[in-house]
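Below is one structure, written out as structure tokens; the observations come after it.
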Amino acid sequence: MVKLDIIGDWQRTHYCGELTQSHTGQEVTLMGWVQRRRDHGGVIFVDLRDRTGIVQIVFNPEISVDAHKKAHALRSEWVLAVKGKVYRRPEGMENPKISTGYIEVMVSELKILNTSIQPPFLIEDSIDVGEPIRLSYRYLDLRRPRLLKNIIKRHLATQAVRQYFSSHGFIEVETPFLAKSTPEGARDFLVPSRLNPGKFYALPQSPQLFKQLLMVAGIDRYFQIVRCFRDEDLRADRQPEFTQIDLEMSFVTEEDIIAVSEGLMKELCKEVFDIEVSIPFPSFSYEEAMALYGSDRPDIRFDLKLKDLTEIFSDSNFKVFSETVKEGGLIKAINVKGGASLSRKEIDELTRFVMQFGAKGLAWIKVKGGNFHSPISKFLSLGEKEALRKALNLEDGDLVFFSADTPEVVHNCLGNLRVEIAKRMRLIHEDRFCFCWIRHFPMFEYDSAEGRWTTVHHPFTMPIEEEISYLPDEPERVHSHSYDIVLNGVEIGGGSIRIHRRDIQEMVFDIIQIGKEEAQEKFGFLLEALDYGAPPHGGIAFGFDRLLMLLCGCGSIRDVIAFPKTQKATCLTMDAPSKVEAQQLKELSIKLDLK
RNA sequence: GGGGCCGUAGUUCAGAUGGUGUAGAACGCUGGCCUGUCACGUCAGAGGUCGCGGGUUCAAGUCCCGUCGGCCCCGCCA
């Protein structure tokens with residue numbers, strides 16, 4: 001057994017990674033973990049690691065017999081404290097691969113503060129480990145530079161956000177986590193109330209209503225970096241608890257919110273990630289975005305826009321097309337330059353790809369030597385072919401994909417297809433960061449499952465004034481003062497101007513069939529607050545984790561969260577959720593009825 | 001709720017069509033040697049309930065059914 005030392009009166013003088021040639025000759029005290037030991041019998045080298053990096057420490061019997069003797073026992077991930085002198089490395093012994101590679105610390109005294117059993121994986125970025133093990137031993141994964149770097153970036157980003165808002169007159173206010181379950185939106189996480197048997201709090205899906213009340217309170221400019229909770233299924237970019245940068249402003253228009261947001265993004269990108277972005281960001285109406293990109297979160301790092309061909313094929317002999325038009329559907333296409341080189345197998349894969357978005361098939365045409373090579377070519381008239389050539393600016397080597405279906409299906413399929421093709425054909429500049437705004441979403445959409453209208457954004461979103469007159473009878477014609485911000489095809493935020501008048505709010509509740517009584521019960525506090533001189537106001541919330549994921553160049557939000565959940569929403573690090581004692585349930589007046 | 005991929009040593013993986021070795025490799029780990037390494041070198045060695053439970057078969061890591069877990073996606077996510 002190794003005898004452990006106590007830290008005693010030793011104090012760390014430097015971090016491992018910060019030592020340079022300028023420290024040559026200094027006596028230093030370092031603390032950290034053994035990254036690697038190279039024991040030559042006579043002289044022993046150890047790479048000592050802390051959060052800043054590694055430095056080579058040297059145990060030489062000519063410097064200290066005791067330390068050298070002790071160092072034979074050292075193993076990976078043991079925790080050390082060493083005193084020693086910084087030396088410039090001998091000529092030819094430098095290691096230019098690491099920042100501290102021109103110096104080393106000759107150890108005079110060694111303290112072993114703790115040992116370690118063999119870690120389940122080596123603490124090195126280059127080691128490939130499965131995610132279950134990484135999550136079970138998250139504290140070891142976090143020792144690795146890549147993940148650690150993300151967590152540090154996150155800290156810096158948090159600081160930059162606070163700095164930005166403080167300097168623009170915003171006040172940070174904390175809002176409750178134990179809040180109220182409200183209809184609409186995502187499934188709530190519920191928290192039983194011991195003091196109020198049978199009643200439940202809900203963890204907030206966002207601080208939406210609280211921040212509106214803060215506007216009524218006259219806070220005027222609010223922000224918060226705040227955890228939000230939604231009990232829905234997970235994805236690579238979705239966790240049940242996630243962090244928003246939330247803000248709200250009074251006496252403003254959409255343009256004001258957008259300008260503040262763009263300023264924040266620009267500053268964050270520059271200060272923390274050294275990425276230059278130019279503002280203002282491009283802006284599309286919802287309809288434009290759908291028409292051009294088939295998506296309300298377009299990736300505009302590449303082109304591949306959708307082209308509407310409905311006109312051309314309205315009388316086509318190709319029944320699939322003409323029937324679709326007759327039934328009020330759309331025919332759209334994307335022209336993939338150079339796509340004619342795709343194999344039949346690849347086209348089949350893409351067909352299967354679009355079918356998961358509701359497509360019944362995927363028509364295509366290859367342009368080769370001025371001719372159309374396509375299963376549907378024989379159905380097309382000369383006139384149609386000519387019109388097609390013109391509309392899509394067809395050239396040799398092009399590959400055209402068609403979608404004919406309802407507008408929803410066409411846009412969903414081609415919108416996803418253009419991204420998939422761009423990935424496969426490497427059309428995406430990975431180092432580019434392209435923000436854009438999508439504005440003026442429809443206010444309502446019809447939920448055929450529930451047989452009622454629901455709000456596309458949330459029920460507190462202000463309809464566009466000029467369209468309010470359509471409200472009672474033609475809700476589908478009404479758009480809202482809403483805006484999403486999109487980065488590289490990922491929705492990273494969204495907001496709106498809010499309703500600040502009781503009459504409009506009641507009208508909206510009415511359309512989504514929240515009756516007077518229910519409105520009073522669920523949102524009475526809001527309606528009442530609007531009566532007390534609520535100012536015009538609006539705001540936005542950014543998905544902080546997603547933003548960091550993109551700026552850190554990660555494929556998953558989990559890589560910017562210290563302790564993320566698995567796809568089944570469990571925490572492998574501490575094994576949550578878990579069973580609780582019967583006594584705990586009793587106190588909460590809860591009886592389980594498990595199948 | 002649905003579709004797809006995956007589960008073999010501490011880790012990452014290989015083990016066609018079921019059957020010639022004691023289920024292999026690399027890294028890691030343990031012990032010895034080594035005074036300039038930095039992916040140290042070198043010699044020797046240990047390490048496996050093939051996720052779990054059934055079934056088919058003379059015989060299952062391999063085939064079938066179920067189950068648990070991980071990842072990606074659809075639905076869902078105002």
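In what follows, chains are A, B, ... by sequence order, proteins preceding strands, each numbered from 1.
Protein atom CG of A:D559 is 13 Å distant from nucleotide atom C1' of B:C71, rounded to whole Å. In this structure, CZ of A:R75 is placed 13 Å from C1' of B:G28, rounded to the nearest angstrom. Here B:G2 presents its P atom at 12 Å from NZ of A:K568, a figure rounded to the nearest Å. Straight-line distance from the CD atom of A:Q35 to the C1' atom of B:G28: 13 Å, rounded to whole Å. The nearest whole Å value for the distance from the CZ atom in A:R134 to the C1' atom in B:G69 is 17 Å. Whole-Å rounding puts the A:I123 CD1 to B:C27 C1' distance at 14 Å. The interatomic distance linking A:I557 (CD1) with B:C77 (P) rounds to 18 Å, in whole Å. Atom pair A:L122:CG and B:C29:C1' shows a separation of 10 Å (rounding to whole Å applied).
With respect to the salt-bridge test (charged N to carboxylate O, under 4.0 angstrom), the residues A:K69 and A:D66 do not qualify. A:K423 has no carboxylate O lying under 4.0 Å from a charged side-chain N of A:E430, or vice versa, which leaves the two without a salt bridge. Look at A:E241 and A:R227 and you find a salt bridge, because one of the NZ, NE, NH1 or NH2 atoms lies within 4.0 Å of a carboxylate O, short of that distance. Of the charged side-chain nitrogens involved, at least one lies within less than 4.0 Å of a carboxylate oxygen, so that A:D405 and A:K360 count as a salt-bridged pair.
Across all strands shown, A:Q205 has no heavy atoms under 4.0 Å from either base or sugar-phosphate atoms. Contacts of A:P61 with the nucleic acid, taken as non-hydrogen atoms under 4.0 Å apart, include base atoms. A:R558 comes within 4.0 angstrom of the backbone, heavy atoms only, and of no base. Nucleic acid contact for A:S206: base, since at least one base atom lies under 4.0 Å from a heavy atom of the residue. Across all strands, A:Q567 comes closer than 4.0 Å to base atoms (heavy-atom distances). A:F460 comes within contact range of no nucleotide atom at all, as no heavy-atom separation falls under 4.0 Å.
Annotated as syn: B:A16, whose glycosidic dihedral is within 90° of 0. Glycosidic conformation at B:G45 (O4'-C1'-N9-C4 for purines, O4'-C1'-N1-C2 for pyrimidines): anti, more than 90° from 0.
Within a 6.0 Å radius of CZ in A:R88, more than 12 heavy atoms belonging to other residues, nucleotides or ligands are found. For A:R51, the CZ atom is loosely surrounded, since the number of other residues' heavy atoms within 6.0 Å does not exceed 12. The environment of A:F189 atom CZ is dense: over 12 non-hydrogen atoms of other residues, nucleotides or ligands sit within 6.0 angstrom. Atom CD1 of A:I117 sits in a sparse spot, with 12 or fewer heavy atoms from other residues, nucleotides or ligands closer than 6.0 Å.
For B:A25, the paired nucleotide is B:U12, the pair qualifying as Watson-Crick or G-U wobble because both relevant distances are below 3.5 Å. Using Watson-Crick or G-U wobble geometry with both donor-acceptor distances under 3.5 Å, B:C63 finds its partner in B:G55. Across all strands shown, B:G70 is found opposite B:C5 as a Watson-Crick or G-U wobble partner, with both distances under 3.5 Å.
Among residues two or more places apart in sequence or in another chain, the salt bridge (charged side-chain N to carboxylate O under 4.0 Å, His left out) test is passed with A:D39 by A:R37. The salt bridge (charged side-chain N to carboxylate O under 4.0 Å, His left out) search around A:R38 returns A:D47, not counting sequence neighbours.
Across the P atoms, B:C29 and B:G75 are found 47 Å apart, a figure rounded to whole Å. For the P atoms, the distance from B:C27 to B:A39 is 15 Å, rounded to whole Å. B:G15 and B:A25: their C1' atoms are spaced 11 Å apart (whole Å). Rounded to the nearest Å, the gap between the C1' atom of B:C63 and that of B:U22 is 25 Å. B:C40 sits 16 Å from B:G36 when the P atoms are compared, rounded to a whole Å. B:U20 and B:A60 have their P atoms separated by 12 Å, with the value rounded to a whole Å. Spacing between B:U11 and B:G28 at atom P, rounded to whole Å, works out to 15 Å. Using atom P as the reference point in both B:C43 and B:C5, the two lie 44 Å apart (nearest Å).
Counting only distance, with no hydrogens or angles, the side chain of A:E232 and the backbone of A:R187 share a donor-acceptor pair below 3.5 Å. Using a distance-only test at 3.5 Å, with no hydrogens or angles considered, a donor-acceptor pair links the side chain of A:R89 to the main chain of A:I103. Proximity of a side-chain donor or acceptor of A:E18 to a complementary backbone N or O of A:Y15 within less than 3.5 Å is detected.
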Under 4.0 Å protein heavy-atom contact, by nucleotide of nucleotides 36-49 of chain B - B base, S sugar-phosphate only: BBBSB---------

B/S/- contact track for nucleotides 3-15 of chain B, protein heavy atom under 4.0 Å: -------SSS---

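Applying the 4.0 Å criterion to OP1 and OP2 of B:G69, one finds that A:S136 has every side-chain N and O outside that range. Remark: A:S76 is in phosphate contact with B:C29, judged by side-chain N or O atoms under 4.0 Å from OP1 or OP2.
A donor atom on one side chain and an acceptor atom on the other are not found under 3.5 Å apart for A:T454 and A:R452. Side-chain contact, A:T175 with A:Q224: a donor N or O sits under 3.5 Å from an acceptor N or O.
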Just the table, please: protein N/O against nucleotides 23-26 of chain B N/O, every pair under 3.5 Å.
none

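Side-chain rings of A:H72 and A:F59 stay apart, their centers remaining 6.0 Å or farther from each other. Between A:F523 and A:F460, the distance from one ring center to the other falls under 6.0 angstrom.
Closest-nucleotide positions on RNA chain B for A:R297 and A:T566 were compared, and the one nearer the 5' end corresponds to A:T566.
In the region residues 223-235 of chain A, proximity to RNA chain B at under 4.0 angstrom, judged on heavy atoms, holds for A:R230, A:E232, A:D233, A:R235.
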